[in-house]
Amino acid sequence: QVPLVESGGGSVQAGGSLRLSCAASEFTSNIYCMGWFRQAPGKEREGVAAIDRDGTTRYADFVKGRFTISKDNAKNSLYLQMNSLKTEDTAIYYCAADHDTVWPCYPRSRPAFGDWGQGTQVTVSS
């Protein structure tokens, strides 16, 4: 397992920006796929963005052009830059990692990623 610790959540007004960070205890250069997911109250968890070992990124349609996923292998960290935030982006955001190379690396709900952080709250107010 890969312990993951998120940080950077908080409260922001609509139109604002936040940057989430995720610290991994393993070399991120060795992790096949890492991603960000979110879960809003009363809703299922959904994928937001993913990045593979080579740096290829994929996004859910609802964040394209607003969110950017990146990683810094020197710091073993994953990031999510969120711009133009909307009230509907309010959720708990989770960092996840997956070593199973059978599945393509994208922010998929199933099969689920293998390792998860505890989550960080993002609240966007109007």
Side-chain angles (χ1 to χ4, degrees):
Q1 289 191 338
V2 181
L4 302 165
V5 180
E6 302 96 336
S7 61
S11 298
V12 65
Q13 289 193 324
S17 299
L18 281 174
R19 187 191 193 210
L20 305 183
S21 299
C22 173
S25 62
E26 177 181 345
F27 292 129
T28 52
S29 58
N30 292 339
I31 300 174
Y32 164 62
C33 184
M34 298 190 75
W36 288 98
F37 294 75
R38 70 185 188 185
Q39 187 166 19
K43 295 187 178 181
E44 290 189 355
R45 187 173 62 197
E46 60 184 358
V48 174
I51 185 168
D52 69 14
R53 192 160 40 206
D54 298 328
T56 300
T57 58
R58 291 180 174 85
Y59 296 91
D61 287 343
F62 53 81
V63 300
K64 283 182 180 177
R66 300 191 298 126
F67 292 8
T68 302
I69 188 172
S70 63
K71 61 176 180 171
D72 185 336
N73 290 333
K75 297 181 179 179
N76 294 326
S77 293
L78 180 73
Y79 305 100
L80 185 69
Q81 177 66 44
M82 303 186 294
N83 298 328
S84 302
L85 283 161
K86 305 176 181 180
T87 56
E88 52 263 44
D89 294 319
T90 295
I92 299 174
Y93 283 71
Y94 298 91
C95 170
D98 201 35
H99 290 82
D100 192 348
T101 60
V102 170
W103 307 103
C105 181
Y106 66 96
R108 63 179 191 271
S109 294
R110 295 178 180 84
F113 280 42
D115 301 303
W116 294 84
Q118 294 300 307
T120 185
Q121 177 71 48
V122 171
T123 302
V124 185
S125 60
S126 58

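Values below: every heavy atom of this structure, side chains too, minus hydrogens, waters and symmetry copies.
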> Shared ILVMFWY cluster between Met34 and Trp116, side chains joined below 4.5 angstrom?
no
> Quick check on the hydrophobic clustering: are Val124 and Phe62 connected, directly or via other members, by side-chain heavy-atom contacts under 4.5 Å?
yes
> If you apply the rule side chain to side chain contact (heavy atoms under 4.5 Å, CB included), what do you find for Arg38 with Thr90, and how did you get there?
CA-CA 9 Å; Arg38 70 185 188 185; Thr90 295; over 6 Å; no
> Going by salt bridge (charged side-chain N to carboxylate O under 4.0 Å, His left out), name the pairs with one or both residues in residues 99-114, residues two or more places apart or in two chains.
Asp98-Arg108
> Could you tell me the separation between the OH atom of Tyr32 and the CG atom of Asp54, rounded to the nearest 0.5 Å?
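CG of Asp54 is found 9.5 Å from OH of Tyr32.
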> If you define the side chain from C-beta out and look only at heavy atoms, does anything of Arg53 sit under 4.5 Å from Asn30?
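No; the side chains remain at least 4.5 Å from each other.
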> Hey, is CD on Gln118 packed in by over 12 heavy atoms from elsewhere, all under 6.0 Å?
no
> Restricting to non-hydrogen atoms, name the atom on Val12 and the atom on Leu85 that form the minimum distance, rounded to 0.1 Å.
CG1-CD1, 3.5 Å
> I need the Thr68 OG1 to Met82 CE distance, nearest 0.5 Å.
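Taking OG1 in Thr68 and CE in Met82, the distance rounds to 11.0 Å.
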> Taking only residues two or more places apart in sequence, or in another chain, which ones meet Phe113 in a ring pair (Phe, Tyr, Trp, His ring centres under 6.0 Å)?
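Here the qualifying residues are Phe37.
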> What are the two closest non-hydrogen atoms of Ser109 and Gly47, and how far apart are they?
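Minimum heavy-atom contact is OG-N, 4.3 Å.
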> Per the disulfide (SG to SG under 2.5 Å) rule, what does the pair list look like for residues 39-81, sequence neighbours excluded?
none
> Which pairs with one or both residues in residues 69-112 pass ring-ring contact (aromatic ring centres under 6.0 Å, His included), sequence neighbours excluded?
none
> If every non-hydrogen atom of Cys95 is compared with every non-hydrogen atom of Leu78, which pair is closest and at what distance?
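In this case the closest contact between Cys95 and Leu78 is SG-CD2, 3.8 Å.
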> Is the shortest heavy-atom distance from the side chain of Phe27 to the side chain of Asn73 under 4.5 Å?
no
> What pair of heavy atoms forms the shortest contact from Tyr59 to Ile69, and how long is it?
OH-N, 2.9 Å
> What are the two closest heavy atoms between Val122 and Gly9, and how far apart are they?
CG2-CA, 4.2 Å
> Say you draw a straight line from OG1 of Thr120 to CG of Leu18; how long is it, rounded to the nearest 0.5 Å?
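Here the rounded value is 9.0 Å.
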> Provide the full list of salt bridge (charged side-chain N to carboxylate O under 4.0 Å, His left out) pairs with a residue in residues 64-73, sequence neighbours left out, each pair given once.
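Sorted pair list: Asp61-Lys64, Arg66-Asp89.
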> What pairs meet the side-chain hydrogen bond (donor to acceptor under 3.5 Å, both in side chains) rule with one or both residues in residues 3-23, with sequence neighbours excluded?
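Residue pairs passing side-chain hydrogen bond (donor to acceptor under 3.5 Å, both in side chains), neighbours aside: Ser17-Asn83.
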> So how far is it from Gln39 CD to Glu44 CD, rounded to the nearest 0.5 Å?
8.0 Å
> Could you tell me whether Glu88 atom CD has more than 12 heavy atoms of other residues or ligands within 6.0 Å of it?
yes
> For the atom pair CG (Asp52) and CZ (Arg58), what is the distance rounded to the nearest 0.5 Å?
6.5 Å
> If every non-hydrogen atom of Ala23 is compared with every non-hydrogen atom of Ser77, which pair is closest and at what distance?
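Minimum heavy-atom separation between Ala23 and Ser77: CA-OG, 4.2 Å.
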